[in-house]
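Note sheet for the following structure.
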Amino acid sequence: TTDDLETQFQQIVEADQRIEPRDWMPDGYRKTLIRQIAQHAHSEIIGMQPEGNWLTRAPSLRRKAILMAKVQDEAGHGLYLYSATETLGVDRAELTENLIEGRQKYSSIFNYPTLSYADVGVIGWLVDGAAICNQVPLCRSSYGPYGRAMIRVCKEESFHQRQGFELLMTMMSGTDAQREMVQESVNRWWWPALMMFGPPDDRSPNSAQSMAWRIKRHTNDELRQRFVDMSVPQAEILGVTFPDPGLRWNAERGAYDFGEPDWDEFMQVVKGNGATSVERIANRRAAHENGAWVRAAATAFAARTASEEGT
Ligand code: FAQ
């Protein structure tokens, strides 16, 4: 019966074993995974745009090669994640459609503009840093194809984080103007980076169930705290500050206290009213439409090959 299947499913999950595509799973589990993994895939693909914006203006060949490699990695992450989503019985074409029609979300962080080259460094340091913090526990996610995809994604994200930090170290040992550029960029990205972890736990409708299914391993607030604690010492090494007067060490908790992100701004961005939301989707739609001939050619070739094999 369904009850037996459900009990067996929960036992597998609680024994920290993996659920695989052909295993029985509750509908809600499948829906949640499709939602989260598709949103994650869309984020990687849309996330190519903010930094891609600086590819033609990288300050040296070395910086350009690094940035190009990073942006291409994001494309790869999107592809593995779309493949992981397809194992749940949805089609990638449908997911792309959902993204460009605004039926599925992508991370709030990619709705902010990249205004200076320091943003490339700060995105690597803070945005990839936050992504790693969130994604390392997802390597142990109960759904096999998602957890396995995350292993490679995390290795690449950690290169991204380091290239960002190294870029910022270089700028911070440069001129006053370069140091100011870095600080200005940190001021713009700090709060949006904290919002990447999602709404506070008491306003996170999906967390409890996703934790019980071991899709998520930690709550949004736990991961946000971990990120703050790991970032403060790094900021000290760099010589930058975070724009939060409430940020201070709490010896009793053994953690940093910090201020409240602007959750109204977060809600606006998630609703599609971010500074670059319209542009991001318009670019994605144009790329998809410009690629129509490739899809048509591949489909025609596959049909012809199949009919030749059939004769
Ligand atoms: N932005 O109940 P919860 C990257 C939505 S890293 C937009 O807490 P959940 C790497 C949420 O979907 C970025 N929407 O939801 C990179 C839900 O709405 P729904 C991608 C958000 O799922 C770096 C509602 O709010 N990483 O791309 C956000 O349990 C540099 C209620 O929230 C991932 O996607 C947000 N920040 O927890 C690439 C990681 N937060 O769907 C290029 C995987 C929440 O019910 C350059 N995802 N919402 O309509 C997760 O870990 C989770 O989905 C959370 C949200 C933690 C993001």
Side-chain angles (χ1 to χ4, degrees), residues 28 31-54 67 69-78 80-81 84-85 98-99 102-112 114 119-139 141 143 146-147 149-150 153-154 156-161 163-164 189 191-213 215-224 227 261 263 265-274 277 280:
K31 281 206 188 92
T32 298
L33 282 169
I34 292 172
R35 177 183 65 77
Q36 177 166 328
I37 310 175
Q39 175 177 311
H40 194 165
H42 298 327
S43 303
E44 300 282 357
I45 297 297
I46 295 285
M48 296 167 77
Q49 294 184 37
E51 290 162 285
N53 177 38
W54 284 92
L67 184 55
K70 179 187 191 286
V71 172
Q72 285 177 348
D73 284 351
E74 311 299 359
H77 298 174
Y80 324 140
L81 289 166
T85 324
N98 286 342
L99 170 66
R103 289 191 294 264
Q104 269 174 341
K105 299 185 168 78
Y106 60 91
S107 182
S108 51
I109 193 73
F110 303 118
N111 293 303
Y112 294 86
T114 40
D119 288 3
V120 171
V122 171
I123 290 176
W125 174 39
L126 294 179
V127 174
D128 287 273
I132 294 169
C133 209
N134 165 273
Q135 287 168 30
V136 164
L138 293 175
C139 295
S141 178
Y143 188 57
Y146 191 33
M150 279 299 111
V153 168
C154 285
E156 292 177 350
E157 300 289 25
S158 99
F159 149 65
H160 299 169
Q161 200 265 356
Q163 68 80 37
W189 290 97
W191 290 109
L194 293 188
M195 293 175 196
M196 287 174 70
F197 295 92
D201 292 350
D202 58 10
R203 276 177 271 164
S204 164
N206 301 298
S207 279
Q209 183 61 73
S210 289
M211 301 266 291
W213 279 331
I215 294 172
K216 283 167 83 162
R217 293 295 188 140
H218 304 279
T219 71
N220 300 355
D221 285 333
E222 281 165 13
L223 293 173
R224 194 169 6 252
F227 175 68
W263 294 114
E265 174 184 317
F266 172 77
M267 288 315 296
Q268 282 304 318
V269 174
V270 170
K271 270 193 233 150
N273 300 325
S277 307
R280 298 284 186 248

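Both counts, for ligands and for their atoms, begin at 1 and track the order of listing.
With a 4.0 Å heavy-atom cut-off, ligand 1 is reached by the backbone of F197 but not by any atom from C-beta on. Using a 4.0 Å cut-off between heavy atoms, N220 contacts ligand 1 through its side chain alone, with no backbone atom that close. Only the side chain of N134 comes within contact range of ligand 1, with a heavy atom under 4.0 Å; no backbone atom does. Under 4.0 Å from ligand 1, the heavy atoms of V270 that appear belong solely to its side chain. At a heavy-atom distance under 4.0 Å, only side-chain atoms of F266, from C-beta outward, approach ligand 1. Only the side chain of Q36 comes within 4.0 Å of ligand 1, judged by heavy-atom distances.
Atoms of ligand 1 found under 4.0 Å from any heavy atom of Y106, numbered from 1 in the order shown, are 1 (N), 7 (C). Residue-ligand proximity, M195 to ligand 1, at heavy-atom distances under 4.0 Å covers atoms 36 (N). Taking every heavy atom of Y146 and a limit of under 4.0 angstrom, the matching atoms of ligand 1 come to 43 (C). Those atoms of ligand 1 with a heavy atom of P205 less than 4.0 angstrom away are 2 (O), 31 (C). The distance from ligand 1 to the heavy atoms of G47 drops below 4.0 Å at these ligand atoms: 42 (C), 46 (C). Heavy-atom proximity to Q135, at under 4.0 Å, picks out these atoms of ligand 1: 6 (S), 26 (N). Heavy-atom contacts of G198 reach the following atoms of ligand 1: 40 (N), 44 (C) (cutoff under 4.0 Å). Short contacts between ligand 1 and A131, defined as distances under 4.0 Å to a heavy atom of the residue, involve ligand atoms 6 (S), 10 (C).
Inspection of the N273 and Q268 side chains reveals an N or O donor paired with an N or O acceptor under 3.5 Å. Inspection of the H160 and E157 side chains reveals an N or O donor paired with an N or O acceptor under 3.5 Å.
At least one N or O atom of K216, backbone or side chain, sits closer than 3.5 Å to an N or O atom of ligand 1. Taking only nitrogen or oxygen atoms, main chain and side chain alike, E157 does not reach within less than 3.5 Å of ligand 1. Looking at ligand 1, you'll find an N or O of Q39 within less than 3.5 Å of one of its N or O atoms. Remark: ligand 1 and K105 share an N or O pair separated by less than 3.5 Å (distance only, no angle test). Residue E51 has no N or O atom closer than 3.5 Å to an N or O atom of ligand 1.
At the shortest separation from atom 30 (C) of ligand 1 among protein heavy atoms lies D128 OD2, 3.5 Å. The nearest heavy-atom contact from the protein to atom 57 (C) of ligand 1 is M196 O, 4.0 Å. Closest to atom 44 (C) of ligand 1, if we only count protein heavy atoms, is P199 CD, 3.6 Å.
Residue K70 places a heavy atom less than 4.0 Å from ligand 1. In this structure, H160 falls outside the shell of residues with a heavy atom less than 4.0 angstrom from ligand 1.
Inside a 4.0 Å radius of atom 35 (C) of ligand 1 there is at least one protein heavy atom.
A salt bridge does not link D73 to K70: none of the charged nitrogens lies less than 4.0 Å from a carboxylate oxygen.
For the pair E74 (side chain) and M48 (backbone), a donor-acceptor distance under 3.5 Å is absent. Although no hydrogens or angles enter the test, the distance criterion places a donor-acceptor pair under 3.5 Å between the side chain of R224 and the main chain of G198.
Judged as a salt bridge (charged side-chain N to carboxylate O under 4.0 Å, His left out), and not counting sequence neighbours, D201 has no contacts.
Scanning N206, L223, D221 for the heavy atom closest to atom 2 (O) of ligand 1 points to N206.
With N53 as reference, T114 is the one residue of V120, T114, D119 to meet the side chain to side chain contact (heavy atoms under 4.5 Å, CB included) rule.
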